[in-house]
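Before I ask anything, here is the structure I am working with.
Letters go in sequence order (proteins before strands), and every chain restarts at 1.
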Amino acid sequence: MIWLAGAILFWLSAWAFNVWASHQPFARTGAGRLAIPALFGVTLLVLWEGAVRGLDVPGVILPAPSVIWGTITGSVPVLWQDFVQTILKGGLSGYVMGCGTAVLTAIAIDRSPFLQRGLLPVGNFVAALPIVGIAPILVMWFGFDWQSKAAVVVVMVFFPVLVNTVAGLAATERMQRDLMATYSASYWQTLMKLRLPAAMPFIFNGLKIATTLALIGAIVAEFFGSPIKGMGFRISTAVGQLALDMVWAEIAVAALAGSAFYGLVALIEKGVTFWHPSQRARS
Amino acid sequence: MRFVLPVFAVLLAIVVLWYGAAVKMNSVWTYDQAARAELEVSFAEVLADTMVQERPVLPAPHQVALGLWQGLFGQKVTSKRSLVYHGWVTLSATLVGFGIGTGLGILLAVGIVHNRAMDMSVMPWAIASQTIPILAIAPMVIVVLASVGITGLLPKAVISAYLSFFPVVVGMVKGLRSPDGMQLDLLRTYNAGRWATFWKLRLPASMPYLFASLKVSMAASLVGAIVGELPAGATAGLGARLLSGSYYGQTIQIWAALFTAAILAAGLVIVIGVIERAALKRMGMAR
């Protein structure tokens with residue numbers, strides 16, 4: 001009971017601190033924007049730990065954060081192997097292939113308004129469908145190894161990136177295109193020097209949505225069959241053995257990988273679209 | 001109407017490509033069988049065979065259409081083979097989850113907008129959570145809830161709720177903050193309190209944002225319900241249909257289930273779109 005009471009006490013005091021701190025000038029600085037959510041995150045962990053210990057929750061229902069941390073540090077080789085199999089081989093290769101194809105397709109259909117008008121509604125429609133359901137089919141076609149996961153990821157990221165790129169290529173103004181025309185710039189020169197750079201904020205919007213989709217696709221596709229490694233495989237087998245600490249460890253790795261992947265794309269975006277108002281305002 | 005012809009052309013091209021791919025991928029099996037029987041097969045025979053195989057690598061569009069038709073209308077809706085039955089199992093979990101997730105999401109958004117401490121502590125986590133493949137926890141939720149005695153519809157609804165929660169929070173916070181300083185100042189000159197400002201300005205102003213995120217979260221909760229049916233144990237629902245199809249190599253069954261899911265998703269999003277248009281029109285915000 002002392003655990004539970006301590007945790008709740010910690011929670012209350014941390015919350016009181018946050019209420020106080022968020023009204024201080026400190027909260028408007030960069031450090032404050034980092035410290036306050038961080039404290040909230042720590043509070044949740046403490047509350048979780050205290051509740052599990054205080055109420056004697058069995059490990060097969062909810063393991064304590066300390067136990068999960070022990071599993072993470074104790075099984076680094078397994079987690080690393082799964083990370084390589086699912087994220088690097090399945091997710092990343094599929095992401096690169098899918099986004100590359102989508103951007104190239106968008107450029108290819110860019111010259112035909114007829115194709116654009118046809119593909120955009122279809123693309124928008126497909127982007128809202130539960131595409132992850134094709135995983136069993138692709139696992140049948142491409143086998144159990146990472147190739148089938150990459151294929152699922154390709155299909156999942158293709159349409160959001162396509163739709164965003166087509167929208168981005170249409171984002172230049174008449175005046176800007178006329179200027180390029182007065183320079184007697186060819187179609188390709190206009191594309192490379194004006195329209196693609198102008199499309200970058202849109203393309204990166206699609207690329208950022210696609211990072212999460214890529215990880216979801218790679219992990220869920222493994223529920224339908226995989227070699228004896230991979231995060232989805234580990235999650236489904238560990239759930240079967242009621243080894244929930246392992247499941248939480250994989251989820252922690254997946255969350256970390258997802259945020260890092262998103263952060264990486266956002267960082268590249270910052271470098272590429274440094275001229276865009278949304279990037280300038282922040283710095 | 002200028003979209004009708006291009007869309008039709010694109011759909012036609014997809015069907016043609018699909019038939020071509022079906023012939024190519026299924027012919028491997030046909031040639032294999034013919035080689036074993038030491039028979040010569042003409043191309044016309046191969047073509048005919050690839051259209052009617054029982055377990056094709058890629059079922060031809062008309063086979064899928066037939067499977068879908070039989071699944072939807074070919075039997076009583078209570079039959080275990082009926083896609084209406086399986087679709088309903090998935091749909092009910094989706095709707096319950098969507099309701100819970102959306103309700104909690106709106107409540108949290110209201111809290112975030114009105115409480116600065118909550119805004120600063122919770123909002124970064126809500127945004128960060130969008131980059132996390134949350135779907136990975138689905139199997140665990142199912143098993144853990146089953147071990148405490150909760151089975152059936154509720155575990156799937158929990159996953160759906162979880163997936164639909166965060167898009168609604170992020171969209172609603174944006175929407176509730178969308179009134180600009182001038183509008184807020186006007187209400188202050190009326191001496192309107194927080195409560196009146198919320199009901200008369202912030203909530204109506206947030207509606208376009210709410211509907212945009214409802215579409216996203218509806219699609220997400222359907223995916224959540226389907227994936228929630230994957231872990232062993234589920235015998236009903238579109239996800240279970242996909243899984244059993246993949247175990248037994250019943251490709252037509254997989255495709256039919258997939259198309260049912262697609263129809264369901266499209267239908268739900270269209271329903272929200274219709275409500276959106278009606279609501280915004282009544283509020284004088286129709287675009």
What's the spacing between B/L5 CG and A/R117 CZ if we round to 0.5 Å? 8.5 Å
For the residue pair B/A262 and A/P130, what are the closest heavy atoms and their distance? CA-CD, 4.4 Å
Would you say that more than 12 heavy atoms from the other residues, nucleotides or ligands in this model lie under 6.0 Å from the CH2 of A/W11, or not? no
Using every non-hydrogen atom in the two residues, find where A/G258 and B/P133 come nearest and quote the distance to one decimal. CA-CD, 4.5 Å
Out of curiosity, A/F223 CZ to B/L243 CG, how far, rounded to the nearest 0.5 Å? 11.0 Å
Using non-hydrogen atoms only, which part of A/W15 is less than 4.5 Å away from chain B: side chain, backbone, both, or neither? side chain
Please classify the contact of B/L222 with chain A as side chain, backbone, both or neither, using a heavy-atom distance under 4.5 Å. side chain
With respect to chain B, which residue among A/V132, A/I137, A/L119, A/L215 yields the maximal number of heavy-atom pairs within a distance under 4.5 Å? A/I137
Might you confirm whether atom NZ of B/K174 has over 12 heavy atoms from other residues, nucleotides or ligands at distances under 6.0 Å? no
Top contributor to chain A contacts, counting heavy-atom pairs under 4.5 Å, from B/K215, B/R116, B/M218: B/R116
Check each atom of A/Y262 against the heavy atoms of chain B and say whether the ones under 4.5 Å are side chain, backbone, both or neither. side chain
Chain B contacts, top residue of A/V220, A/T211, A/L256 (heavy-atom pairs, under 4.5 Å): A/V220
Turns out that what part of A/I235 lies under 4.5 Å from chain B's heavy atoms comes down to side chain
Only pairs of heavy atoms separated by less than 4.5 Å count here; which of A/G217, A/P37, A/G263 has the most with chain B? A/P37
Counting only heavy atoms from other residues, nucleotides and ligands, does the tally under 6.0 Å from OH of B/Y248 exceed 12? no
Tell me, do A/L44 and B/W125 make a side-chain contact under 4.5 Å, heavy atoms counted? no
Going from CE on B/M118 to CZ on A/F40, what distance comes out if it is rounded to the nearest 0.5 angstrom? 7.5 Å
Measuring heavy-atom distances to chain A, does B/A117 have an atom under 4.5 Å in its side chain, in its backbone, in both, or in neither? both
Could you tabulate the donor-acceptor pairs under 3.5 Å formed by side-chain atoms of residues 239-254 of chain A, not counting sequence neighbours?
from	atom 1	to	atom 2	distance (Å)
A/D245	OD2	A/T71	OG1	3.1

Segment of A/I219 engaging chain B (4.5 angstrom heavy-atom cut-off): side chain
Only one of A/I36, A/T43, A/L39 passes side-chain contact (heavy atoms from CB on, under 4.5 Å) with B/S121; say which it is. A/I36
Heavy-atom pairs under 4.5 Å with chain A - which of B/L135, B/L258, B/V223 has more of them than the others? B/L258
Residues from residues 7-16 of chain B approaching chain A under 4.5 Å (heavy atoms): B/V7, B/A9, B/V10, B/L11, B/I14
Just give me the residue among B/I226, B/D119, B/V269, B/I137 that pairs up with chain A most often, heavy atom to heavy atom, under 4.5 Å. B/I137
